[in-house]
Amino acid sequence: MSFRLFDLNPEQYRAATHPEGALLILAGAGTGKTRVLTARIAWLVSQGVDPASILAVTFTNKAAREMRERVATALNNQQAKAMTLCTFHALCVRLLRRDATLLGYKENFSIFDESDQMGLIKKLASRIHDQQDPINPDLAKNLISKAKNLGSAFPEGTGTALGSLFARYQEELRTLNAMDFDDLLLQARNLLAQHPEARERWQKKYRYILIDEFQDTNRLQMELITHLVSDPINLCVVGDDDQSIYSWRGAESAHLIEFEHAFPNPEIVTLEQNYRSTDVILATANRLIKNNARRRKKNLWSNEKEGESVRVLSAQDDTTEAEFIADEILERHRDESWNQFAILYRMNAQARFFETALRERKIPYRVVGGKSFFDRREIKDVMAYLSALLNPDDDTALLRVLTTPPRGLGKISLQRLMEISVQEKKMLFEVLQEPATLDNFSTKMQEAIRNFLEEWETLKIRLQTPGHDPGALVGEMLREVGYYDDLRKSCKKAEEADARENNVRELLQSLTEYCQKNRREGVQGFLDRMVLEREKEEEEEVNDGVTLITLHAAKGLEFSHVYLVGLEDGLLPHERSKQEGTVDEERRLCYVGITRARKTLVITHCRTRKKFGTMLSCRPSPFLLEIAGEGVEQGSMEEILSRPLEEEDVDDAFARMRSLIA
DNA sequence: AATCGTCTGCTTTTT
DNA sequence: GCAGACGATT
């Protein structure tokens, strides 16, 4: 075995080599969680376990990718390939692509992403049109999602406008042979709950189950796990209740805290030795988190005893906060590369000040989060073509195809087609194919419809021919129907047009590559991946820069120098959390922020801040009182700036001035 | 169908 | 203070 088990500390070793039964690994921040999971998988295989019977589930694609890479180094390639290592959603797609017919879906169902979902909700909401209480689509989406993740396909309040919206939404999805993200979990759960033969088949396949970030599981995911686990129980979960920051999305850390309820007498291993931060930073984190009542007690420690003090600094206002930090980063960059610095904040809106300050000083930076490649119009267009090709029931996708580019079928004709579709209880594509349909339209329209059908059929047939290049075929069709021309026409600048066209080519190129590599999964597999893994392949992390990131997005990352900013009452903890009684989660958020730091940590707060356009005075966050203690220095930025320079700094400043003059 | 102006309402966002 | 949504206008 190439993975060296003797590199593990005693607790890690115990977790990695625990023989059988339920195993709960409480892995504090930076305690080598992924390492242990990888080691455990390697150990299982070394004990003769068939890799194909191992299932390891993560929450993010990134985590899955990282784990796969590490497993591949620990095992040989073939073994690593044989095991299932994916996100919850990808696992569900796998189950459902095989067994969806048992639930009344076809196995070529479409997966609706958030914008598809939103579009459908808006359409239905406008149809219901209740003058009493108009439906807020955002709210509706959240409530539907929440209900589903609690395990229910039905709204709580039937009879309300929202209730009927939920019902019709679900009905519509089924007619379109489509599932949204939550449905993937919901239907997979239903599959295992309602179909014993399927359940047994999957249980038999996955004998060894490992779950990462277990504190983030919602009820549906927990049910799914419970159904999948067979006898003997071989379930290993890893998590940290102190880092549970997604309860607003339905995650229940109670699954971890009360793990024994679901799986009695588990082996429990607590990992407390931290390999990331200095002891001073960890002591600060410990002092903060112990104020949370319901948790599994952990006390992080590190061998790194020599560390700089944690500094808590106040600033007059948000601009000063940003400028001070930017100056300090500039100063420290002398012996650290830019990407060792991170600025962590509660809200994306806070990033702006830091962007300005960094830009003024020509410091490179990257803001994590923002518009995804996959939200771009042209990408959605091509995805619609692929969806409509694979799932003829997906009217949403087909409508997009029919109107992009304009084919002489305008709003009115499409409306008429949809009316016929509703009347005859047939899907849009069937209606198009029906010869009788054409009688309703002018000769010009008939021509347009016939043209489209002809193109579409040709493409379908060619795609099915073996040895084809799907990317090239779709690209060819797009060109023939004038899609590229239309795309260019809709752009103001030539640069934008080039960029969009390039995006399409890139997408088609990766379609071709995917199909070459994964013969069996084909176009369907590619589409699944595109919807579920909404990240561009060459996420260019090569360029060096300071990271600007929200606390939520920072989980799992680490930086040598961390600036945790905006520690003000109402911002962290956020005002709304105080109203909703979820300050504990805000504390965990703060805890996550602190534990990202390897060497130095600066925590800042402003005495005044611009909110909604006006300057308001701010009180320091109550968390600052909780972290106060040995190794934490307090100060103000103004005081530091007015402090007389120390001698060497003066020398330095003179030296720099002289070199500027020279 | 596109563009302009006004109104509103304000976390976090793994898939 | 500003983005995003929506409705009125050409």
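We name chains A, B, ... by the order of the sequence lines, and we start the count at 1 in each one.
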Can a salt bridge be assigned to the pair A:Arg97 and A:Asp528 using a cut-off of 4.0 Å between side-chain N and carboxylate O? yes
With rounding to the closest Å, how many angstrom separate the C1' atoms on C:dC6 and B:dT11? 24 Å
Hey, does A:Glu114 reach any base, or is it just sugar-phosphate, or nothing, if we go heavy atoms under 4.0 Å? base
Could you state the CZ-C1' distance from A:Arg576 to B:dT12, rounded to the nearest angstrom? 10 Å
Reckon A:Gln117 touches a base, only the sugar-phosphate, or nothing at all at heavy-atom distances under 4.0 Å? nothing
From C-beta outward on A:Tyr246, which listed nucleotide comes closest to its side chain: B:dT14, B:dT12, B:dT11? B:dT14
Taking the basic N atoms (NZ, or NE/NH1/NH2) and the acidic carboxylate oxygens, is any pair closer than 4.0 Å for A:Lys610 and A:Asp318? no
Among A:Val36, A:Thr34, A:Ile41, exactly one meets side chain to side chain contact (heavy atoms under 4.5 Å, CB included) together with A:Thr38. Which residue is that? A:Thr34
Would you kindly check if the NZ (Lys) or CZ (Arg) of A:Arg174 is within the cone defined by 45 degrees around the ring axis of A:Phe109 and under 6.0 Å from the six-membered ring centre? no
What nucleotide, of B:dT12, C:dG1, B:dT11, holds the atom closest to the side chain of A:Lys610? C:dG1
By the 4.0 Å heavy-atom rule, please label A:Asp113 as base, sugar-phosphate, or nothing. nothing
Which part of the nucleic acid does A:Gln350 contact within heavy-atom distance under 4.0 Å: base, sugar-phosphate only, or nothing? nothing
Looking across every strand, which nucleic acid part, if any, lies under 4.0 Å from A:Arg588 by heavy atom: base, sugar-phosphate, or nothing? nothing
B:dT11, syn or anti by chi within 90 degrees of zero: syn
